[in-house]
Visitor: 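Below is one structure. I have some questions about it.
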Amino acid sequence: MAAPIVSCRIRLIFQNVHLGLLTQCTAPSASNVYTVRHRKHWDPKFKRLRALKIAKVDLRDWNKPESEGGPTTEEVRARMKERGVLPPRPWSERPMCISCTGGVFEPYVPPEGDGKVSVVSIPGAKQKLELLEKKSKSMMAVRKIRSFDEDFEPKQFLTLAAEIYRSAHELMASRNKLKLREVVTEKAYPEILNSSHLKTIHWQLLDWIEPPRFTHARCTDVITKDNVFGQITVRFHSQQLLAIYDRFGRLMYGSETVPKDVLEYVVYEKHLSNQYGVWRLHDKIIPEWMPPPSPIPSTFVKNVSQTVDVDSGKSDSQVSVHENKDEIPALAS
């Protein structure tokens, strides 16, 4: 494209000039110079390119409904398809992570009289026979666990289970919520906090009456066949000290000096499909034949109501205790 032709016009303005013979000798008192530039394309073939510099904007209101002159459904779909925008969905999806199951699948049923019946007796021999019958499913579950964790061994797991059992109870007694999440699942965590709310717990594991025993193992898939969870039930027979105090320092359950023999069946769970999954305490199995625990004494508010004798004009105070146990206990006055 050729450079445009620039024409310059210079005009000199002389002010205060005297006409006469000395006109040529006199210098102008002031001079002003003006420069005027004219740009114009001399070649008309670039006229279309110059017109393309101006883009027309569609100022249509796309937020108006179709009844008020807005776009139709087909026009909105075509415009979104043109811009590569996905259409909105009538439902809202949120990411969800299933890190544990909601319960115990195929829970182990402890035999009645376990821990008290001798192996030599007839009930003890029947218990051993039933355990052998259920052992085949547990071995299949152990083989499934080894397909995800090659280093898994039931004997080594018992040592890890005992450490998790001890640390979970110690963290519950010390109210360490952050570290408690590392050793218990999301199902057991709110249950532990609810049971220990407004209570002071003193717990100590003294000795093992019997070594921990591997009793039950199961595997299952959740939603998809690739999402596999594993659960192992371990039998603990130990001697412990447990004392629970309410928020006023009154003993609610147990003793700090008298040990007690405890037989428990604890369920551990692991997300096998997750390569960073770990074994955590999931639940405890309470058999139906176990006697119910002794009731825990509670503290309630004393309500003092005034009763006025109409004949004598004297007022007597009566003390009534709330029978609603859902109320928040408070120190009696």
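Because the structure is predicted, anything quoted here is derived from the model rather than measured.
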Visitor: Scan side-chain atoms only and decide if Y108 and Q231 contain a donor-acceptor pair under the 3.5 Å cut-off.
Guide: no

Visitor: Going through the checks in order, is the side chain to side chain contact (heavy atoms under 4.5 Å, CB included) test met by R235 and E210?
Guide: CA-CA 9 Å; R235 176 183 181 271; E210 296 181 32; 2.8 Å; yes

Visitor: Are more than 12 heavy atoms from other residues, nucleotides or ligands located less than 6.0 Å from atom CD1 of I209?
Guide: yes

Visitor: Which atom names give the shortest non-hydrogen contact between A217 and V142, and what distance separates them?
Guide: CB-CG2, 4.3 Å

Visitor: Applying ring pair (Phe, Tyr, Trp, His ring centres under 6.0 Å), name anything that partners H271, two or more places apart in sequence or on another chain.
Guide: F229

Visitor: Ignoring hydrogens and angles, tell me if any N or O in the side chain of H216 forms a donor-acceptor pair with the backbone of S138 under 3.5 Å.
Guide: no

Visitor: Taking transitive links into account, so neighbours of neighbours count too, which hydrophobic residues share a cluster with L206 at under 4.5 Å side-chain distance?
Guide: L241

Visitor: Using a 3.5 Å cut-off and no angle test, enumerate the donor-acceptor pairs between side-chain atoms of residues 149-162 and protein atoms at least two apart in sequence or in another chain.
Guide:
{"from": "D149", "atom 1": "OD1", "to": "D151", "atom 2": "N", "distance (Å)": "3.4"}
{"from": "E153", "atom 1": "OE1", "to": "R146", "atom 2": "NH2", "distance (Å)": "3.2"}

Visitor: Stepwise, does the side chain to side chain contact (heavy atoms under 4.5 Å, CB included) test hold for E264 with Y165?
Guide: CA-CA 11 Å; E264 289 183 322; Y165 178 81; 2.3 Å; yes

Visitor: According to a hydrophobic-cluster definition based on side-chain heavy atoms being under 4.5 Å apart (Ile, Leu, Val, Met, Phe, Trp, Tyr only), do Y268 and W208 belong together?
Guide: yes

Visitor: With sequence neighbours excluded, tell me which residues meet salt bridge (Lys or Arg N to Asp or Glu O under 4.0 Å) with E106.
Guide: R218

Visitor: Using the salt bridge (Lys or Arg N to Asp or Glu O under 4.0 Å) criterion, which residues pair with E182? Sequence neighbours excluded.
Guide: none

Visitor: Apply side chain to side chain donor-acceptor pair (under 3.5 Å) to S167 and list each qualifying residue two or more places apart in sequence or on a separate chain.
Guide: none

Visitor: Could you see if W203 belongs to whatever hydrophobic cluster contains V258? Use Ile, Leu, Val, Met, Phe, Trp, Tyr and a side-chain cutoff under 4.5 Å.
Guide: no

Visitor: Among the clusters formed by ILVMFWY side chains lying less than 4.5 Å apart, do L180 and V278 turn up in the same one?
Guide: no

Visitor: Are Y253 and L193 co-members of a hydrophobic cluster defined by side-chain heavy atoms under 4.5 Å apart?
Guide: yes

Visitor: So, using side chain to side chain donor-acceptor pair (under 3.5 Å) as the criterion, who are the partners of S99 when residues are at least two apart?
Guide: E186

Visitor: Does the E75 side chain pair with the main chain of T72, one donor and one acceptor, at a distance under 3.5 Å?
Guide: yes

Visitor: In terms of hydrophobic clustering (I, L, V, M, F, W, Y; side-chain heavy atoms under 4.5 Å; direct or indirect links), are L171 and L178 co-clustered?
Guide: no

Visitor: Under the side chain to side chain donor-acceptor pair (under 3.5 Å) rule, what pairs show up with a residue in residues 169-179, not counting sequence neighbours?
Guide: H169-K284

Visitor: Kindly write out the residues that satisfy salt bridge (Lys or Arg N to Asp or Glu O under 4.0 Å) with E66, not counting sequence neighbours, or none if the list is empty.
Guide: none

Visitor: Please identify each residue that fulfils salt bridge (Lys or Arg N to Asp or Glu O under 4.0 Å) with D221, with sequence neighbours left out.
Guide: none

Visitor: According to ring pair (Phe, Tyr, Trp, His ring centres under 6.0 Å), who are the partners of F214, at least two apart in sequence or on a separate chain?
Guide: none

Visitor: If we ignore hydrogens and angles and just use 3.5 Å, is the side chain of T233 paired with the main-chain N or O of T215 as donor and acceptor?
Guide: no

Visitor: What distance do N227 atom CG and I98 atom CD1 have between them, rounded to the nearest 0.5 Å?
Guide: 6.0 Å

Visitor: Rounded to the nearest 0.5 Å, what's the gap from NZ on K187 to CD1 on I192? Could you check?
Guide: 9.5 Å

Visitor: Would a distance-only check, ignoring hydrogens and angles, find a side-chain to backbone donor-acceptor pair under 3.5 Å from E269 to T101?
Guide: yes

Visitor: So I145 and I232, do their side chains get closer than 4.5 Å, heavy atoms only?
Guide: yes

Visitor: Please tell me if the side chains of K260 and L242 come closer than 4.5 Å, counting only heavy atoms from C-beta onward.
Guide: no

Visitor: Just verifying a value: how many Å separate I164 CD1 and H282 NE2, rounded to the nearest 0.5 Å?
Guide: 13.5 Å

Visitor: Might you confirm whether atom CE of M290 has over 12 heavy atoms from other residues, nucleotides or ligands at distances under 6.0 Å?
Guide: yes

Visitor: Test side chain to side chain contact (heavy atoms under 4.5 Å, CB included) on V183 and L281 and set out the steps.
Guide: CA-CA 6 Å; V183 294; L281 193 148; over 6 Å; no

Visitor: Does atom NZ (K199) have a neighbourhood of more than 12 heavy atoms from anything else shown, all under 6.0 Å?
Guide: yes

Visitor: Do Y245 and E256 pass the side chain to side chain contact (heavy atoms under 4.5 Å, CB included) test, and can you show the C-alpha distance, the side-chain angles, and the key distance before you say yes or no?
Guide: CA-CA 11 Å; Y245 299 89; E256 291 192 41; 2.7 Å; yes

Visitor: Return the set of residues passing side chain to side chain donor-acceptor pair (under 3.5 Å) with T257 (not counting sequence neighbours), or none when no residue passes.
Guide: S255

